[in-house]
Amino acid sequence: MKKRKSKKQSKKESELIFSSILVLGLIMYYFTGDLITIGITIFVGVSIWFLLTFLKEKKKEMDLKQSGIYDIDKMDGIQFEHYLSSLFKSQGYNVKVTKATGDYGADLVLTKESEKIVVQAKRYSKNVGISAIQEISASKSYYNATRAWVVSNSFFTKSAIELAQSNSVELLDRKALIDLVLKVNPNGVPTAREVRESVTPKEIHCPRCDSKMVLRNGRNGKFYGCSKFPRCKGTKAC
């Protein structure tokens, strides 16, 4: 699985590029002795650097929109499972969505030739902890699978990452999910929005804190309110 660059790596690269521009300017000054030349060299170099950074951020923004990650964030667990099912089918896997109860830790079971993969889908608004790793590890043994994945629209805690490494569980976090969508489903068919609108959610979640919402009566009729009211005042129209 291809890893994206961390913020520290990107910062180091920026510092290296900027240092290289300064060194180039000093070299030009050494050979020409002209302060105007060094100024022009540094100005051009910095301008190119800013342009490339701007284009990189624009591409990142376009990738986020194309991946449908914002619609995935609005899904509930059932919708997320069905979306992943469509995604993995496009990769040539036979996909079985397990029943909601008694799934032994696996939401999806993928098969292709001699390969069997158990998948736990975590549509979270917070980082995924070690319980997901423990559950999918047990599921791998139960289904006699060759691989085990936990796929999330969020990220994983440090302890979850360490436990996954020691149990040979593969983690696909938010960045990896975006990369996967753009790679295997570049045209977005079906899109995350289409799946979200076609699959009935099991529960309605608060747009603010992601807690379960309950049906309430108000002055203007019924509406969904956050179950954590008054601590959270999130609402949603019926």
Side-chain angles (χ1 to χ4, degrees), residues 1-10 60-61 63-65 67-85 87-88 97-98 100-101 103-108 118-140 148-182 192-193 195-197 199-216 224-236:
M1 189 186 305
K2 187 178 178 181
K3 293 184 178 179
R4 287 197 176 191
K5 296 175 184 176
S6 66
K7 290 183 178 179
K8 288 184 178 180
Q9 287 176 315
S10 298
K60 182 179 178 182
E61 185 180 335
D63 286 348
L64 287 173
K65 289 181 179 179
S67 69
I69 192 65
Y70 299 125
D71 281 302
I72 292 173
D73 290 339
K74 296 176 183 177
M75 292 179 176
D76 80 334
I78 298 297
Q79 292 172 323
F80 188 44
E81 289 173 19
H82 279 79
Y83 177 70
L84 290 181
S85 176
L87 194 63
F88 292 131
V97 180
T98 62
T101 56
D103 58 16
Y104 299 97
D107 297 312
L108 306 172
V118 285
V119 180
Q120 188 169 108
K122 288 293 184 184
R123 211 297 303 163
Y124 267 29
S125 58
K126 57 184 180 180
N127 290 345
V128 181
I130 61 173
S131 61
I133 314 304
Q134 294 168 334
E135 290 168 5
I136 201 65
S137 295
S139 178
K140 182 180 178 182
W149 296 351
V150 180
V151 185
S152 178
N153 67 312
S154 186
F155 296 93
F156 296 87
T157 63
K158 183 180 178 181
S159 56
I161 294 171
E162 291 173 350
L163 185 62
Q165 290 173 343
S166 62
N167 284 272
S168 300
V169 173
E170 298 171 60
L171 304 180
L172 281 76
D173 63 10
R174 186 178 185 85
K175 292 178 180 178
L177 177 60
I178 290 171
D179 286 342
L180 179 64
V181 173
L182 294 175
R193 178 170 293 182
V195 173
R196 186 166 64 86
E197 292 176 348
V199 178
T200 303
K202 185 178 180 181
E203 294 180 348
I204 297 176
H205 291 261
C206 176
R208 288 191 177 184
C209 70
D210 202 41
S211 298
K212 183 180 177 180
M213 302 194 83
V214 294
L215 191 63
R216 302 185 189 278
Y224 288 102
C226 183
S227 58
K228 291 187 176 180
F229 179 84
R231 186 169 57 182
C232 176
K233 297 180 179 179
T235 61
K236 198 170 186 179

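The basis for the numbers below is simple: all heavy atoms, side chains too, and nothing from hydrogens, waters or symmetry mates. Here, residue 1 is the first one in the sequence, and each next residue gets the next number.
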Out of curiosity, [X] [atom1] to [Y] [atom2], how far, rounded to the nearest 0.5 Å?
X    : Y    : atom1 : atom2 : value
F80  : Y124 : CZ    : OH    : 11.5 Å
I133 : E135 : CD1   : CD    : 9.5 Å
F155 : L171 : CZ    : CG    : 12.5 Å
I136 : Q134 : CD1   : CD    : 12.5 Å
L108 : Q120 : CG    : CD    : 10.0 Å
M75  : H82  : CE    : NE2   : 11.0 Å

Is the side chain of [X] donor-acceptor paired with the backbone N or O of [Y] at a distance under 3.5 Å, no angle test?
X    : Y    : value
N153 : I72  : no
D173 : V151 : no
E162 : S159 : no
S227 : M213 : no

Quick check: closest heavy atoms across [X] and [Y], and the distance to 0.1 Å?
X    : Y    : result
K140 : S168 : NZ-O, 4.2 Å
K122 : V128 : CB-CG2, 3.9 Å
F229 : R216 : CB-NH2, 4.0 Å
A106 : T98  : O-OG1, 2.6 Å
L84  : A121 : CD1-CB, 3.6 Å

Below 4.5 Å, heavy atoms only, C-beta onward: do Y83 and V181 meet side chain to side chain? yes
Would you mind reporting whether L172 and L177 have side-chain heavy atoms less than 4.5 Å apart? no
Checking S152 against S154: is there a side-chain donor and acceptor pair closer than 3.5 Å? no
